[in-house]
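Shown next, in structure tokens, is the structure this report addresses.
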Amino acid sequence: MTATAPSIDEPDQLEPQLAPASRGARLLLRLWPAATAALAGVLLYVSFPPRTLWWLALPAFGIFGWLLRGRSWKAGLGLGYLFGLGFLLPLLVWTGVEVGPGPWLALVVIEAVFVALVGAGIAAVSKLPGWPLWAATVWIAGEAARARVPFRGFPWGKIAFGQADGVFLPLAALGGTPVLGFAVVLCGFGLYEVVRRVIEWRRTGAVPRVAAVVAALSVVVPVVGALAARALVSDKAEVGTATVAVIQGNVPRAGLDFNAQRRAVLDYHARETERLAAQVKAGKVAQPDFVLWPENSSDIDPFANPDAAAVIEDAARAIDAPISVGGVVERDGKLYNEQILWDPDKGPTDTYDKRQVQPFGEYLPLRSMLEHINKNWTTMVHQDFSRGTEPGVFTMDGAKVGLATCYEAAFDWAVRDTVTHGAQMISVPSNNATFDRSEMTYQQLAMSRIRAVEHSRTVTVPVTSGVSAIIMPDGRITQRTGMFVADSLVQKVPLRSSETPATKLGILPEMLLVLVAAGGLGWAIGAGVRGRRAGGV
């Protein structure tokens with residue numbers, strides 16, 4: 001007989017054990033599933049950067065599977081929501097660093113709904129043969145939905161983004177973040193199923209052979225697949241190398257008013273670039289082929305302010321290399337978060353406008369409604385940024401550099417299409433000054449490490465205030481800065497032209513996993529309907 005977890009919505013199952021207990025003990029026993037779900041979510045959070053405890057994701061999902069297996073979808077909904085709160089509340093606390101707890105809590109409350117729905121789905125498919133497979137695909141389906149809605153999605157907290165230091169990382173090159181996340185979740189559920197089957201065998205002396213094999217495969221296949229996928233990971237140059245300089249100029253102050261002092265941020269980055277130029281001239285540092293500045297490194301529009309343009313021009317001539325400059329540009333009455341390619345001889349020659357702008361940070365959805373709730377929110381984003389329409393690939397001294405500005409690094413499509421449009425390396429210019437010393441910068445850095453392996457490209461991360469880094473195509477960080485310091489990184493990096501399976505397949509692995517999840521849910525719902533009919537319900 002198969003053992004199942006007691007259902008929190010059917011407390012009568014526990015009554016024989018509760019008879020002699022006190023009322024407090026009964027209440028505690030009834031609440032333990034809820035408390036355990038929240039704590040399992042916290043355990044999942046602890047597996048994310050800046051910690052390197054990636055393996056904690058496995059017991060987190062093992063516990064989650066233990067709680068959900070055999071329960072009703074209603075119980076799964078509640079437990080899933082608590083699991084989501086335990087995970088997302090600490091993970092996203094940085095969103096309230098400067099604006100207070102209101103937006104942070106609102107974001108978590110909404111995002112946890114997706115995890116609740118996933119919990120309901122996992123509870124439904126947990127009664128199927130080979131349930132870890134179905135359950136893992138349901139989780140990925142939830143991530144796929146969360147990455148698209150509302151407001152064009154919020155993929156922060158994808159399981160893949162916590163695995164930059166883990167053994168499963170090479171799977172990113174095979175099928176991107178969906179396949180990497182699927183393997184982790186499947187292995188976690190599989191571990192619980194193995195433990196459950198071992199306990200069953202010790203108690204009864206017999207376990208169905210097929211069930212035991214399926215449980216074992218749920219653990220073995222993801223690990224073996226990850227080891228096999230290591231063949232896809234390489235940091236060898238395919239189209240030569242480039243010596244790249246990453247500039248972190250720092251900011252006058254942390255917080256929302258990091259650029260309150262006119263031109264200060266621009267001057268800081270120009271000064272650090274000129275300091276680097278002096279080191280190059282002295283023979284202490286190699287001459288860079290090109291230079292990468294962060295997002296918002298020019299705090300005033302260089303097209304509208306000749307003094308800003310002169311500062312950038314002087315810096316480019318000092319370093320004798322083209323610079324990718326991040327600026328806020330107004331054109332035809334619209335604001336753009338723009339990267340500008342500035343040549344030391346020709347001036348600005350190309351631009352890239354950020355396409356995935358951040359809701360509530362760079363534009364305000366539901367502005368009229370928010371004005372009635374809190375006018376401070378609308379004054380902080382007094383004018384919405386417009387979206388760009390074309391992928392950004394700058395040709396810098398012969399090298400093709402793909403651009404994914406800050407928030408865009410969280411979105412699969414925004415990084416992939418720079419590679420499919422010819423990028424031989426990727427840059428993720430960012431500005432984390434508004435989030436102070438929170439974990440946000442480390443979470444975002446981990447995303448860039450995943451992208452490096454996913455597309456087998458060098459990834460540079462120039463950040464205004466840190467942490468800036470240079471990442472090899474195998475996900476290794478070879479150089480990094482501290483936070484809130486002026487610094488520069490110079491390194492010869494490989495340029496690559498081949499495409500990984502993940503790059504070639506794009507959205508297909510994710511869609512396949514979503515279809516499998518839909519099939520499992522359909523099977524579970526159909527089986528439930530037939531069971532009720534057979535029972536005369």
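Just so it is clear, the values below take in all heavy atoms, side chains as well, and ignore hydrogens, waters and symmetry mates. The shown structure was predicted, so the numbers you read here are calculated from the model rather than taken from an experiment.
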Taking 4.0 angstrom as the limit, do [X] and [Y] come out as a salt bridge?
{"X": "D417", "Y": "R355", "answer": "yes"}
{"X": "K158", "Y": "E143", "answer": "no"}
{"X": "R416", "Y": "E499", "answer": "no"}
{"X": "E510", "Y": "R148", "answer": "yes"}
{"X": "R451", "Y": "E454", "answer": "yes"}

So the side chain to side chain donor-acceptor pair (under 3.5 Å) pairs with at least one residue in residues 100-123 (sequence neighbours excluded) are E111-R146
Not counting sequence neighbours, list each pair that qualifies as a side chain to side chain donor-acceptor pair (under 3.5 Å) and has a residue in residues 76-95.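 Every side chain to side chain donor-acceptor pair (under 3.5 Å) pair that includes a residue of residues 76-95, provided the two are not neighbours, is W94-Q443.
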Quick check: closest heavy atoms across [X] and [Y], and the distance to 0.1 Å?
{"X": "P132", "Y": "G190", "value": "CB-N, 4.2 Å"}
{"X": "V415", "Y": "A404", "value": "CG2-CB, 4.1 Å"}
{"X": "P391", "Y": "H421", "value": "CG-CE1, 3.6 Å"}
{"X": "A410", "Y": "P155", "value": "O-CG, 3.2 Å"}
{"X": "L217", "Y": "P222", "value": "O-CD, 3.7 Å"}
{"X": "E439", "Y": "P49", "value": "OE1-O, 3.9 Å"}

Is the closest side-chain heavy-atom distance between [X] and [Y] below 4.5 Å?
{"X": "T503", "Y": "T420", "result": "yes"}
{"X": "P494", "Y": "P473", "result": "yes"}
{"X": "N432", "Y": "S430", "result": "yes"}
{"X": "I471", "Y": "T478", "result": "no"}
{"X": "V463", "Y": "V428", "result": "no"}
{"X": "L39", "Y": "I63", "result": "no"}
{"X": "V108", "Y": "L85", "result": "yes"}
{"X": "L88", "Y": "L91", "result": "yes"}

Review item, side-chain donor-acceptor pairs of residues 159-176, under 3.5 Å, at least two apart:
{"residue": "Q163", "atom": "NE2", "partner": "W54", "partner atom": "O", "Å": "3.2"}
{"residue": "D165", "atom": "OD1", "partner": "R449", "partner atom": "NH1", "Å": "3.1"}
{"residue": "D165", "atom": "OD1", "partner": "R449", "partner atom": "NH2", "Å": "3.2"}
{"residue": "D165", "atom": "OD2", "partner": "R449", "partner atom": "NH1", "Å": "3.4"}

Go through the steps to decide whether D474 and R230 satisfy the test salt bridge (Lys or Arg N to Asp or Glu O under 4.0 Å), and finish with yes or no. CA-CA 9 Å; D474 60 5; R230 292 177 67 179; over 6 Å; no
Checking ring-ring contact (aromatic ring centres under 6.0 Å, His included) between F360 and each of F151, Y407, F385, which is the one that passes? F151
Is the backbone N or O of [Y] less than 3.5 Å from a side-chain atom of [X], with the two atoms forming a donor-acceptor pair by type?
{"X": "S456", "Y": "V453", "result": "no"}
{"X": "R71", "Y": "G76", "result": "no"}
{"X": "Q444", "Y": "T441", "result": "no"}
{"X": "E193", "Y": "A215", "result": "no"}
{"X": "E295", "Y": "T405", "result": "no"}
{"X": "R496", "Y": "K236", "result": "yes"}
{"X": "R457", "Y": "H455", "result": "yes"}

Which of these passes side chain to side chain contact (heavy atoms under 4.5 Å, CB included) with F61: Y192, W66, W139?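 It is W139, the one option of Y192, W66, W139 that forms the side chain to side chain contact (heavy atoms under 4.5 Å, CB included) with F61.
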Of T418, N337, L403, V393, the one forming a side chain to side chain contact (heavy atoms under 4.5 Å, CB included) with Y352 is L403
To the nearest 0.5 Å, how far apart are [atom1] in [X] and [atom2] in [Y]?
{"X": "D353", "Y": "S386", "atom1": "CG", "atom2": "OG", "answer": "9.0 Å"}
{"X": "L44", "Y": "L53", "atom1": "CG", "atom2": "CG", "answer": "12.0 Å"}
{"X": "T137", "Y": "I140", "atom1": "OG1", "atom2": "CD1", "answer": "8.5 Å"}
{"X": "T204", "Y": "I199", "atom1": "OG1", "atom2": "CD1", "answer": "11.5 Å"}

Going through the distances and angles, do V194 and V219 end up as a side-chain contact (heavy atoms from CB on, under 4.5 Å)? CA-CA 8 Å; V194 167; V219 178; 4.0 Å; yes
What residues, two or more places apart in sequence or in another chain, satisfy ring pair (Phe, Tyr, Trp, His ring centres under 6.0 Å) together with W201?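 Partners of W201 by the ring pair (Phe, Tyr, Trp, His ring centres under 6.0 Å) criterion come out as none, since no residue qualifies.
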Ring pair (Phe, Tyr, Trp, His ring centres under 6.0 Å) against Y45, all qualifying residues, sequence neighbours excluded: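 Per chain and number, Y45 pairs via ring pair (Phe, Tyr, Trp, His ring centres under 6.0 Å) with no residue.
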Take D384 and L364 through the test side-chain contact (heavy atoms from CB on, under 4.5 Å) and record every step on the way to the result. CA-CA 7 Å; D384 293 343; L364 272 185; 4.1 Å; yes
With a 6.0 Å cut-off on the ring centroids, do Y442 and F48 count as close? no
Do the ring centers of F189 and W131 come within less than 6.0 Å of each other?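 Here the rings of W131 and F189 have centres that are less than 6.0 Å from each other.
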If you count every heavy atom of other residues, nucleotides or ligands that lies below 6.0 Å from W523 atom CH2, does the total exceed 12? yes
Taking atom types as modelled and ignoring hydrogens, do the side chains of S427 and T460 form a donor-acceptor contact shorter than 3.5 angstrom? yes
For side-chain contact (heavy atoms from CB on, under 4.5 Å), just list the numbers for R69 and L67, CA-CA rounded to whole Å, side-chain angles, deciding distance to a tenth of an Å, and then say yes or no. CA-CA 6 Å; R69 188 184 172 278; L67 290 170; over 6 Å; no
Donor-acceptor pairs under 3.5 angstrom involving side-chain atoms of residues 113-126: please list them, not counting sequence neighbours.
{"residue": "S126", "atom": "OG", "partner": "G70", "partner atom": "N", "Å": "2.9"}
{"residue": "S126", "atom": "OG", "partner": "A123", "partner atom": "O", "Å": "2.7"}

Begin with the C-alpha distance, continue with both residues' side-chain angles, and end with the deciding distance and a verdict on side-chain contact (heavy atoms from CB on, under 4.5 Å) for I426 and T458. CA-CA 6 Å; I426 300 168; T458 298; over 6 Å; no
